[in-house]
Amino acid sequence: MKKNDIILLCSVLLIAAIAFFMGTVLLDGSGDTVVVAVNGAEYARLPLDENTELLIQAENGTNKLIIKDGEAYITEASCPDKICVKTGKVTEMRSVVCLPNKVTVTLEKGD
Amino acid sequence: MSKEHSRAVNVKKLALCGMMTALAIVFGYVEHLIPFPIGIYGIKLGIANIAIVVAIYALGGRTALIISTIRILISTMLFGNGVSLAYSLCGGLLSTLVMMLMKRSSRLSCIGVSVCGGIVHNIAQLAVAVAVVDNLKIAFYLPVLLAAGAITGFLVGSCSLLVLKNAYVRSITDLIRQNNTPN
């Protein structure tokens with residue numbers, strides 16, 4: 001291993017950490033509206049403080065979105081990988097994405 | 001160097017190419033079987049890339065690019081679907097290409113080259129994901145994916161270094177290298 005390798009690895013990790021930190025500080029805690037989009041088009045816009053359930057019907061399958069106690073997450077998905085379920089609750093930095101169904105669930109600041 | 005000898009080395013190289021491709025496919029399959037509890041697309045070990053990194057050093061960049069393409073096409077036919085092909089091709093080919101170029105500059109060892117490959121792989125896949133879901137907001141995943149790409153790239157590179165240090169692998173690599181340079 002060369003010295004350059006270590007410099008490269010450390011600088012990338014540092015940049016990633018700074019970007020992550022800045023994103024967290026600037027964005028987190030400001031969103032109050034859950035925006036569901038399918039294929040880039042807005043599908044639903046729901047307030048985060050109301051408990052609801054929504055079955056998102058995309059062209060390739062379905063995802064079940066739950067909003068409960070100020071947290072939004074997906075509990076069921078028709079795709080095999082279930083990554084959107086594993087992602088957990090939506091935050092400003094961490095949108096929940098289902099690539100097979102082209103569904104994104106993001107948290108935004110309402111108007 | 002005699003013509004016969006040169007042909008023998010070429011056959012050896014061809015056999016090695018086939019073996020590397022098979023190895024990359026099997027690694028990809030084994031990885032597919034290991035459950036991974038992180039709910040973020042694009043974060044995985046990428047052990048199939050050990051075969052690609054080794055191929056870049058042992059067989060040359062262009063050969064590695066061909067191996068990478070064939071691996072992706074066959075893996076997709078066996079385990080994937082049309083959508084996953086776009087991600088895999090974009091990530092796989094771009095990262096192999098960048099690794100090729102980084103290796104040429106020879107400022108990095110194979111660990112650093114592999115780190116570059118991991119980062120480029122994840123950036124390319126995120127770009128495809130942004131295009132597919134048509135939502136720029138998921139670009140906030142970038143810092144996490146950068147770090148993940150760097151770390152997995154480091155691990156893959158370290159494994160590749162161990163393989164490339166092996167005496168038998170080195171003897172074959174030297175043989176192929178001598179054959180490639182016209183004398």
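Chain identifiers are assigned alphabetically (A, B, ...) following the order of the sequence lines, protein sequences preceding nucleic acid strands; residue numbering begins at 1 within each chain. What's counted below: heavy atoms across the whole structure, side chains too, no hydrogens, waters or symmetry copies.
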Point to revise | A:Ile6/B:Ile111 under side-chain contact (heavy atoms from CB on, under 4.5 Å): CA gap, chis, key distance, verdict | key: CA-CA 9 Å; A:Ile6 302 165; B:Ile111 294 179; over 6 Å; no
Check your understanding: Among B:Val132, B:Leu142, B:Val113, B:Leu161, who wins on heavy-atom pairs under 4.5 Å with chain A?
Key -> B:Val132
In Å and rounded to the nearest 0.5 Å, what is the [atom1] to [atom2] distance from [X] to [Y]?
{"X": "B:Arg107", "Y": "A:Ile7", "atom1": "CZ", "atom2": "CD1", "result": "11.0 Å"}
{"X": "B:Asn135", "Y": "A:Thr104", "atom1": "CG", "atom2": "OG1", "result": "4.0 Å"}
{"X": "A:Phe20", "Y": "B:Phe140", "atom1": "CZ", "atom2": "CZ", "result": "12.0 Å"}
{"X": "A:Thr106", "Y": "B:Ile138", "atom1": "OG1", "atom2": "CD1", "result": "10.5 Å"}

Practice item. Measure from the side-chain N and O atoms of B:Lys137 to the backbone N and O of A:Leu107, and report whether any donor-acceptor pair falls under 3.5 Å. Key: yes
Practice item. Would you confirm whether A:Lys2, through its side chain, and B:Ser106, through its main-chain N or O, come within 3.5 Å as a donor-acceptor pair? Key: yes
Applying a strict under-4.5 Å side-chain criterion to I, L, V, M, F, W and Y, I'd like to know whether [X] and [Y] cluster together.
{"X": "B:Val98", "Y": "B:Val128", "value": "yes"}
{"X": "B:Tyr57", "Y": "B:Leu65", "value": "no"}
{"X": "B:Ile47", "Y": "B:Met19", "value": "yes"}
{"X": "B:Leu146", "Y": "B:Val130", "value": "yes"}

Is it the case that over 12 heavy atoms from other parts of the model lie below 6.0 angstrom from the [atom1] atom of [X]?
{"X": "B:Tyr29", "atom1": "OH", "result": "no"}
{"X": "A:Lys89", "atom1": "NZ", "result": "no"}
{"X": "A:Lys82", "atom1": "NZ", "result": "yes"}
{"X": "A:Glu42", "atom1": "CD", "result": "yes"}

Practice item. With a 4.5 angstrom heavy-atom cut-off, could you sort out which part of B:Leu145 is near chain A: side chain, backbone, both or neither? Key: neither
Practice item. Indicate yes or no: at least one non-hydrogen side-chain atom of A:Leu99 is less than 4.5 angstrom from one of B:Val133. Key: yes
Exercise for review: Please say which of A:Leu8, A:Val12, A:Leu9 ends up in a side chain to side chain contact (heavy atoms under 4.5 Å, CB included) with B:Phe154.
Suggested key: A:Leu9
